[in-house]
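Let me begin by presenting the structure, written as structure tokens, before commenting on it.
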Amino acid sequence: MKETYLVIVAAILLLCCMCMPAGASLLEVTVKGTVATLSPSSNTITLDHPRQYGCSYPAGGGTVCTYTPMSVETLTGTAPDSASFSVFKPGDSVVATSLGGAGGTWIALAKLYGSRPNEENVTALEGDPSMIPTPLVAGYAVDIMISPNCSACTGRICTAASADVKILSNDMLVQENTLLPGQDLRFNGKNDGSGISVVFRKGETSGQSCGSATGTGPQAISVFSITVVPPVGFDQTSLRTATATRTEEVVPTPVQLPPIVQQTPGTAPSTATPAPLPTAKSGMQPLAALGAAGFAGLVLVMRKN
């Protein structure tokens, strides 16, 4: 009789695993590499010699984050948006984050600036800024809150109606506005030749504030284009904020902020309460919960017999 119960419990656990929601939060993998090829026709970007980002937490010490060489020579993924092909070029040193594993789908690509260890910063970014661990150059930062369109939700994810974008300089708020898809926000008031442009392309966010958006699904992803021009005579030795290291020397020449084609909004920005971009979660969490419940049931059956 015990063997019969064991077979039944095992079958139930297997069925539960097979019935897990396919849209559970997907694994995010961040790598550093050099742009090898860009293919607009296939909408893909390939990186050479990728190294994977990871952090350790030693006892009694601070967090240590490094990039470790991977076993593959190249990684190819789809671009976050078409603008990526005018921003990046072969030879650029970049940090990239993919969804669902290494490569496959780039949800963020960031061009690096800095030639010395621990001195890398970002001068251009395409995709979701929250997915890149390296800071922007010259002390700039962006803070983004997405407002959902409650009439356009699938599962727990809603299409963005608007984005409240804040530009910070050395942790001080210097510019803020609510953007519709296609609109931009700029700042160049530091009198040092530097500047930043943030374009909201499209976005998603949790529909929790909409009430009707429930269930499971992959994490929300938004797409922005960010361009930062470093100050005139920018001193490399002043950059000590990034945690990543590198061996190659790539120092791109600063460029002027590109012109932005304004998109005439069809409707006014949503008045829904902005919802923060969700924190990435491991897709293995539902499986672990099911395994624990199944094990508890197995123990109970064995005790009764």
Side-chain angles (χ1 to χ4, degrees), residues 23-38 43-56 63 65-85 87-88 92-114 120-137 141-144 146 157 160 163 198-206 217-228 241-246 250 276-284:
S25 294
L26 301 177
L27 176 67
E28 298 160 7
V29 178
T30 298
V31 301
K32 180 193 293 186
T34 302
V35 175
T37 58
L38 301 97
N43 194 39
T44 58
I45 297 176
T46 300
L47 305 186
D48 264 341
H49 309 296
R51 288 170 283 165
Q52 186 169 343
Y53 181 78
C55 297
S56 59
T63 303
C65 298
T66 58
Y67 286 91
T68 304
M70 302 179 68
S71 59
V72 296
E73 289 296 319
T74 62
L75 283 177
T76 300
T78 56
D81 64 353
S82 59
S84 303
F85 298 103
V87 173
F88 301 97
D92 283 342
S93 180
V94 298
V95 168
T97 297
S98 56
L99 194 64
T105 302
W106 301 125
I107 55 175
L109 281 165
K111 184 184 296 186
L112 297 177
Y113 180 74
E120 292 174 316
N121 285 249
V122 172
T123 56
L125 186 150
E126 295 293 323
D128 197 321
S130 68
M131 302 297 174
I132 297 296
T134 309
L136 300 177
V137 73
V142 295
D143 182 65
I144 299 168
I146 304 292
I157 300 299
V198 181
V199 185
F200 178 36
R201 302 292 184 188
K202 60 182 180 180
E204 299 173 332
T205 189
S206 168
Q219 54 268 47
I221 301 298
S222 295
V223 179
F224 289 80
S225 295
I226 299 177
T227 304
V228 184
T241 57
T243 58
T245 59
R246 63 185 286 193
V250 180
L277 293 174
T279 302
K281 299 179 181 178
S282 170
M284 295 299 291

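All values below come from the heavy atoms of this structure, side chains included, with hydrogens, waters and symmetry mates left out.
Under a 3.5 Å cut-off, the side chain of S222 and the backbone N or O of G203 do not form any donor-acceptor pair.
Nearest heavy atoms, V95 versus I132: O-CD1, 3.7 Å. Nearest heavy atom pair, residue V87 against residue A124, reads CG1-CB, 3.7 Å. Residues T134 and N121 come closest through the heavy atom pair CG2-CA, 4.0 Å. Taking every heavy atom of both residues into account, T44 and F85 meet most closely at O-CE2, 3.5 Å. Between Q219 and E28 the shortest heavy-atom distance is NE2-OE2, 2.8 Å.
How far CG of D92 is from OG1 of T34: 8.5 Å, rounded to the nearest 0.5 Å. Expressed to the nearest 0.5 Å, how far CD of E126 lies from CD1 of I45 amounts to 9.0 Å. Here the CG-CD1 distance, from D128 to I107, works out to 6.5 Å after rounding to the nearest 0.5 Å. Here NE2 of H49 is found 5.5 Å from CD of E73. Values are rounded to the nearest 0.5 Å. S206 contributes atom OG, which lies 6.0 Å from atom CD1 of I157 (distance to the nearest 0.5 angstrom). Here the CG-OG1 distance, from L112 to T123, works out to 8.0 Å after rounding to the nearest 0.5 Å.
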Return a table of donor-acceptor pairs under 3.5 angstrom between the side chains of residues 75-84 and protein atoms on other chains or two or more places apart.
unit_1, atom_1, unit_2, atom_2, d
T76, OG1, T46, OG1, 2.7
D81, OD1, S84, N, 3.4
D81, OD1, S84, OG, 3.0
S84, OG, D81, O, 3.0

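By the side chain to side chain contact (heavy atoms under 4.5 Å, CB included) test, S56 is found to be paired with P58, V64, residues two or more places apart in sequence or in another chain being considered. In terms of the side chain to side chain contact (heavy atoms under 4.5 Å, CB included) criterion, residue partners of A96 (sequence neighbours excluded) are, by chain and number, V31, L47, W106, L109. Residues that satisfy the side chain to side chain contact (heavy atoms under 4.5 Å, CB included) test with T63, not counting sequence neighbours, are C55, Y57, C65. Remark: T97 pairs with T30 by the side-chain hydrogen bond (donor to acceptor under 3.5 Å, both in side chains) rule, at least two apart or across chains.
For the pair Y53 and K32, the minimum side-chain heavy-atom distance is 4.5 Å or more. Using a 4.5 Å cut-off on side-chain heavy atoms (C-beta onward), M131 and I221 make contact. A 4.5 Å side-chain heavy-atom check between S130 and I144 finds every atom pair outside the cut-off.
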